[in-house]
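Here's the structure we're looking at; comments come further down.
Note on naming: letters A, B, ... go to the chains in the order of the sequence lines (proteins, then strands), and numbering restarts at 1 for each one.
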Amino acid sequence: MDAPDPRALHDAVLDWYDVHARELPWRGGSATPWSVMVSEFMLQQTPVARVLPVHAAWLERWPTPAGLAADSTGEAVRMWGRLGYPRRALRLHAAAVAIVDRHDGAVPPSYDDLLALPGVGDYTASAIASFAFGQRHVVLDTNVRRVLARTVTGTEFPAPAVTRAERDVATGLLPDDEATAATWAVATMELGALVCTARQPSCGSCPVADLCAWHAAGFPAYEGPPRRGQAWAGTDRQCRGRIMALAREADSVSSARVEAAWPATEQRERCLAGLVADGLLTQITPGRWALPR
DNA sequence: TAGGCGTGGTC
DNA sequence: TGACCAAGCCT
């Protein structure tokens with residue numbers, strides 16, 4: 001099965017998006033670049049449904065990068081709530097500070113300037129440049145990678161890490177026109193999020209089912225290397241999460257409370273030290289911790 | 001580059 | 001019911 005005709009793919013995906021796009025607060029003409037940027041940080045590994053309320057509260061409190069930059073990192077971590085990976089809150093705060101310092105408080109439109117910000121990698125820089133500024137960029141997130149793996153390459157899942165060949169495919173498929181390219185980026189992501197999903201894709205209602213190489217090949221099962229699992233029970237991650245939950249809920253936390261939450265001494269001490277080293281926690285007195293003031 | 005890093009929902 | 005998954009980044 002050959003790769004589908006690019007124009008047919010474009011037309012089908014763009015037409016589908018025109019009808020089925022979700023209305024999200026960080027989309028549409030009224031969304032500011034800052035709103036887009038905040039959403040991209042929050043959506044790194046966190047589902048849309050959980051991001052929505054936190055994103056709204058965040059923008060109400062800090063409508064601009066300068067507002068966040070003027071507040072403490074601890075407040076950012078507290079507002080982050082239970083989105084997970086709280087270091088993202090730290091990085092978003094640091095990015096806001098950098099935007100004030102280097103870009104007069106305005107989210108920069110340049111991919112390179114965006115990429116230089118803390119917590120911004122290739123995906124996030126491309127996404128902000130594309131979604132907030134309408135530029136033409138390859139936006140390769142997990143959704144787009146899965147859509148291209150299936151429709152173009154004919155495999156159920158993409159490789160564990162982005163390959164050169166994969167990037168070439170995405171680049172070759174990017175529409176020439178800037179505005180169309182930006183819509184293509186968000187439309188392919190949306191298709192992956194709503195239809196071409198990881199576990200039970202809705203091929204019956206997919207606009208490109210008749211163009212899809214994986215479909216044409218009879219849905220061959222994934223044969224690549226095993227995909228990375230995430231250990232959880234008993235890990236440092238769980239321990240750190242437990243401690244951070246305590247710290248978010250109170251002005252400060254005693255060592256007795258931490259000990260009750262995580263009895264294993266060695267691991268508890270290691271995680272406490274790690275959280276302090278990461279800037280997520282401060283030791284305010286011997287045996288008492290708090291979010292950074 | 002592989003592994004660490006939160007949290008909760010789904011089937 | 002316990003894997004698997006969710007708009008990744010950093011070291």
Side-chain angles (χ1 to χ4, degrees), chain A residues 21-22 24-27 31 35-55 77-78 80-92 94-95 114-132 137-148 156-164 170 182 185-194 196-201 222 225-248 261-262 267 270-271 274-275 277-281:
Chain A
R22 289 169 293 181
L24 298 171
W26 46 85
R27 282 185 188 162
S35 172
V36 173
M37 178 168 163
V38 170
S39 80
E40 290 304 336
F41 270 72
M42 292 182 173
L43 289 164
Q44 292 169 359
Q45 302 283 278
T46 302
V48 168
R50 300 224 326 269
V51 164
L52 284 168
V54 182
H55 179 267
V77 171
R78 200 185 300 280
W80 196 257
R82 296 184 301 187
L83 288 183
Y85 293 146
R87 293 195 287 196
R88 291 182 294 166
L90 251 28
R91 291 175 184 149
L92 182 51
L114 289 164
L115 190 60
L117 297 173
V120 177
D122 169 70
Y123 162 74
T124 302
S126 307
I128 297 171
S130 182
F131 304 156
H137 290 278
V138 170
V139 180
L140 262 191
D141 81 319
T142 187
N143 289 303
V144 174
R145 295 187 64 216
R146 190 174 53 249
V147 168
L148 296 185
E156 184 177 13
F157 296 113
V162 177
T163 64
R164 175 58 193 270
V186 70
T188 46
M189 280 179 62
E190 191 79 335
L191 186 65
L194 298 183
C196 193
T197 54
R199 260 178 293 189
Q200 288 207 276
Y222 177 73
R227 295 140 88 214
R228 210 185 340 154
Q230 296 181 341
W232 177 245
T235 61
D236 283 8
R237 257 207 293 195
Q238 186 185 26
C239 177
R240 289 166 56 106
R242 204 68 75 75
I243 296 170
M244 287 305 294
L246 294 177
R248 282 195 304 267
W262 201 272
Q267 187 177 33
R270 177 175 67 244
C271 290
L275 290 169
D278 287 345
L280 285 165
L281 227 49

- Item | Contact letters for nucleotides 5-11 of chain B, in which S counts primed atoms plus P, OP1 and OP2 and B counts the base, heavy atoms under 4.0 Å | BBBSBB-
Donor-acceptor pair, distance only, cut-off 3.5 Å: does the side chain of [X] make one with the backbone of [Y]?
| X | Y | answer |
| --- | --- | --- |
| A:R78 | A:R248 | yes |
| A:R145 | A:P158 | no |
| A:R237 | A:W232 | no |
| A:Q238 | A:G234 | yes |
| A:R27 | A:R22 | yes |
| A:R88 | A:Q44 | yes |

- Query: First contact, last contact: which nucleotides of DNA chain C are these for chain A, 5' to 3', heavy-atom distance under 4.0 Å?
  - Reply: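 So the outermost contacting nucleotides come out as C:dC4 to C:dC10.
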If you look at every strand shown and take non-hydrogen atoms under 4.0 Å, does [X] touch a base, only sugar-phosphate, or nothing?
| X | value |
| --- | --- |
| A:R22 | base |
| A:V144 | nothing |
| A:L24 | base |
| A:W26 | base |
| A:R145 | nothing |

- Task: Only counting residues at least two apart or in another chain, list the ones meeting side chain to side chain contact (heavy atoms under 4.5 Å, CB included) with A:T163.
- Result: A:A159, A:A165, A:E166
[N] and [M]: how far apart are their [atom1] atoms, nearest whole angstrom?
| N | M | atom1 | value |
| --- | --- | --- | --- |
| B:dC5 | C:dG2 | P | 23 Å |
| C:dA7 | B:dC11 | P | 15 Å |
| C:dA6 | B:dT1 | C1' | 23 Å |
| B:dG8 | C:dT1 | C1' | 15 Å |

- What pair of heavy atoms forms the shortest contact from A:G274 to A:R240, and how long is it? C-NH1, 3.9 Å
- Item | Residue pair A:L43 / A:V51: nearest heavy atoms and the distance that separates them |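 In terms of heavy atoms, the two residues are closest at CD2-CG2, 3.7 Å.
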- Query: Of A:L117 and A:A127, whose closest DNA chain C nucleotide lies nearer the 5' terminus?
  - Reply: A:A127
